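Here's the structure we're looking at; comments come further down.
On a predicted model such as this, the values are computed, not experimentally measured, just so you know.
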Amino acid sequence: MRGKRVAAVGVAGLTVLAIAGCGSGKTGDGGGGGAGLVVGTTDKVTSLDPAMAYDNGSLLAETQVYQFLLNFPAGEAAPKPDAADKCEFTTPTVYTCTLKPGLKFANGDPLTAKSVKFSFDRMVGIKNPQGPSALLVGLDHTDAPDDKTVAFTLKNANDQTFPAILPTQAAAIVDEKVFPADKVLADEDIVKAKPFSGPYTIASYDKNKLVSYQSNPDYNGLFGKPKTDTVTVKYYAEAANLKLDVQQGNVDVAWHTLTPTDIDSLRNSDKVTVHQSPGGDTRYIVFNLNTQPGGTPAQKLAVRKAVATSVDRDALSADVFKGTWTPLYSPVPQGLPGATEAFKDIYGAKPNKDAATKLLADAGVATPVTLNIQYNTDHYGSTSSEEYAAIKSQLESTGLFKVNLQSTEWVSYQKARSTDGYPIFQFGWFPDFPDADDYLTPFFTADNFLQNHFTDPKITDELKAEVTEADPAKRAAVLASIQHDLMADFMPIVPLLTGNQIAVAGKSVQGVDKTLDPSSKFRFGVLSK
Amino acid sequence: MSARLLRYLGVRLLLIVPTAWILVTVVFFLMRVVGDPITAALGGRLPPDQLAQRKHDAGLDRPILSQYWDYISGLARGDFGRSQDNRAVSDIITTYGAATLELVFWSLLVAFAIGVPLGRYAATRRDSAADAGLRLFAILAYAAPVFFVGLLLKLLFSVKLGWLPVSGRASTNVELALQHVSPKTNILFVDAILYGDMGYLGDVLKHTVLPAFSLGLLTAGVFLRLVRINLIQTLRSDYVDAARARGLSARVVTRRHAFRNALIPIVTVMGMYIATMLGGAVLTERTFEWKGLGYQLTELLTARDFIAVQGIVAFIALVVAVMSFVMDVIVALIDPRVRF
């Protein structure tokens, strides 16, 4: 009899599952109803506290709930006033902002100049290693002479990058009555206290599972009233599940990050639209100037140039990335003020075997040159394997190179690449802020972030000059000169590809195109269906 | 309850302590073999002085035995450590563990519902084509990677037929609604019942079908083979022969005399297979976006949050030890022979 009971329980269980499978739910209808517009993403929130968050997942949340003095209007690369009424250099070293009147947080606390000063002092004071405080390295101190005026004293006169830093995660304005001055606040406490003054507030928060945003009626800033009152973000571990859910209408918009193959297949779907616009991410090959192949500096330069002219960027873009990344011909991606295509202008867009052969021959480099190239998949994505397999094939097909590839996990990779461990290695850059300087100064000054031993006095001087050049036209000219010289005379990196901002949305969703731009800010307020 | 049974259970209860101690000790030292957790998580991202400070703050610059003592005494107090983002690991366990418990519950039900009747069917038709087919099915079910089975089921029932959801524990609006249930159990079908909406319950169960089948099939294969083998052996025993000699039909003999005894080994190994299921749950949860402990474990591993990983793995080790004890108790209750 007991055996029968066991079987009966089993059958009953299966019956329940089967009934459920047939669908009995009056409410099980996908992402509609109380969820509003549903956005799916694989990015994760590190923290809602700006002092500890410096990643895309946290940026997505911060973009909706915090206000900034300046912000990037949808589709534009130049910052405009958000919480500020206006911002300007009042002396060469003082950048002054005046706040809009009547600003307040969702909990009723007033947002004043003291809130702004508190936010900047707190960011610099906490200096959390996982946070973005390093972006404020050019800030000497912040003053709030009255409730509406904030004065930033900068270390360098006429620092033209500072306005572009004000819309970043380092500059989110927080409520001084809620956030402690000297430590990070837990997400749950932030959600409970509602210290939000952005277009949305957080209505419910299940970290990295399901977060619901509600439009903030008190928001008074650049983006205006959101088109959709409720937006819910659903977090995914697997891009494949996100792809299927957007295809089946269970999420309205898929944002960050579907694989190139998935995006390519969704382009053929009649249920969704793939929205794409130029982004700010870049991928390079970096040469360690001390340990790369070549006996003399001239030979080393010839090797770098020969590699650069042998790589087929169009093929990488089309075959490996299915058009989700596009060819890059300068360290600075197209779309930013001052960007040029210096490499294409000097060497041409297509690979040129004859030119590569001549470069090596003229420098007396024996061929084939052995290139030991390191790449990484756990930080730059699994597609790196295909990318570097293609690069190996392209380089070896010239007969000029013999390529050895090796992949290493990120922590070891970071350590080894910065301690002369790798002669040639993959590198990617996710910009801190959309300004050409962010693609140049960190990499091409002495003791640069790449730690590849590149330094040149003229380039260093030009970099200092462009940062403090107030005239946009003159600044663009200096930036162009830097990019030209880097590609013509040094080639310390080989620019390969720049990423596009891509979102996939149901056919009924509107406004996605408006928020795709190099700022990487995905603004829920422009979306509707 | 007899004194002998109490003594048996007492001994088994005492054995949990060394079992759990060995398990968590192995976990602790294995995690140290790969280096200290702070360097693993933040190495390359922090300058050496800040890295050293973080290690100091976490007590990782102290002698290993001192760290070990803190770890063990913390566990004894229910303190499994804190994650990189300063969450108590015990909170992570309670928040996400309920989802895994729910998945394992339904999967066990599937395993029983499939494995036991099919095992019985195969045993009573020994060496027939059906028996051979079922044995092959059992081997395939056990050997097939759980994520592969999950993907196949998803492709068929979600993508091609559109009968079942692709992933998740519930539809977005249902999950949002169930966040406000009080008291909230995080076991969604219970929360849906507490919410009092059968539509929500149906939605939750609909999302449960594919993950439960994917994980349940893994164990169903084992149950099928165990029931089959034990039933065949039991059917050959003297007391079954005696029952037959009394004129009872083969069906009655199987049902009343053999089948119950054939189930005992299943209970014995169930504890072990719950551990297997916890391992399988890691992959199943990832495949179906089932936000449970296994899913969280993979997220923490990706973030190299090894202190949190160590806490969760230690918890799973403790669950296995406790489940082993529970199974011993159940077997002792239904089979008096084991008490000797």
request  = Could you tell me the separation between the OH atom of Y205(A) and the CD atom of Q179(B), rounded to the nearest 0.5 Å?
outcome  = 11.5 Å

query = More than 12 heavy atoms of other residues, nucleotides or ligands under 6.0 Å from CZ of F148(B): is that the case?
reply = no

ask   = Using non-hydrogen atoms only, which part of T232(A) is less than 4.5 Å away from chain B: side chain, backbone, both, or neither?
value = side chain

inquiry  = Can you confirm whether K183(A) is buried at NZ, in the sense that more than 12 heavy atoms of other residues, nucleotides or ligands lie under 6.0 Å from that atom?
reply    = no

ask   = With only heavy atoms counted, which part of K207(A) is less than 4.5 Å from chain B, the side chain, the backbone, both or neither?
value = both

remark   = Okay, E175(B) and chain A: the region with an atom under 4.5 Å from a heavy atom over there is both

remark   = For L176(B) and S204(A) the tightest heavy-atom approach is CD2-OG, 3.5 Å

inquiry  = Can you tell me which of Q247(A), R417(A), K44(A) forms the most heavy-atom pairs within a distance under 4.5 Å of chain B?
reply    = K44(A)

message = For Y295(B), does the six-membered ring have the charged nitrogen or CZ of K209(A) within the cation-pi criterion, i.e. under 6.0 angstrom from the centroid and within 45° of the normal?
response = no

Other residues, nucleotides, ligands: >12 heavy atoms within 6.0 Å of Y121(B) OH = no

inquiry  = Looking at every non-hydrogen atom in both residues, tell me the closest pair between K234(A) and A170(B) and how far apart they are.
reply    = NZ-O, 4.3 Å

query = Rounded to the nearest 0.5 Å, what separation is found between the CZ atom of R286(B) and the OH atom of Y236(A)?
reply = 14.0 Å

inquiry  = Is it the case that atom NE2 in H379(A) sees more than 12 heavy atoms from other parts of the structure closer than 6.0 Å?
reply    = yes

inquiry  = Among L210(A), D378(A), D206(A), L244(A), which residue has the highest count of heavy-atom pairs closer than 4.5 Å to chain B?
reply    = L210(A)

remark   = The interface call for T287(B) against chain A, heavy-atom contacts under 4.5 Å, is backbone

ask   = Taking all non-hydrogen atoms of both residues, which atom of V159(B) and which atom of Q248(A) are closest, and how far apart?
value = CA-NE2, 3.8 Å

ask   = Checking F189(B) against chain A: side chain, backbone, both or neither under 4.5 Å from a heavy atom?
value = neither

message = Before you tell me yes or no, could you show the steps for D245(A) and S167(B) under side-chain contact (heavy atoms from CB on, under 4.5 Å), namely the whole-Å CA-CA distance, both residues' side-chain angles and the distance that decides it to 0.1 Å?
response = CA-CA 8 Å; D245(A) 266 349; S167(B) 62; 3.4 Å; yes

task = To the nearest 0.5 angstrom, please state how far the CG atom of L242(A) sits from the CD atom of E289(B).
result = 8.5 Å

key: Side chain, backbone, both or neither of E299(B) within contact of chain A (heavy atoms, under 4.5 Å)   = side chain

inquiry  = Please tell me whether K154(B) and N241(A) have a donor and an acceptor in their side chains that are separated by less than 3.5 angstrom.
reply    = yes

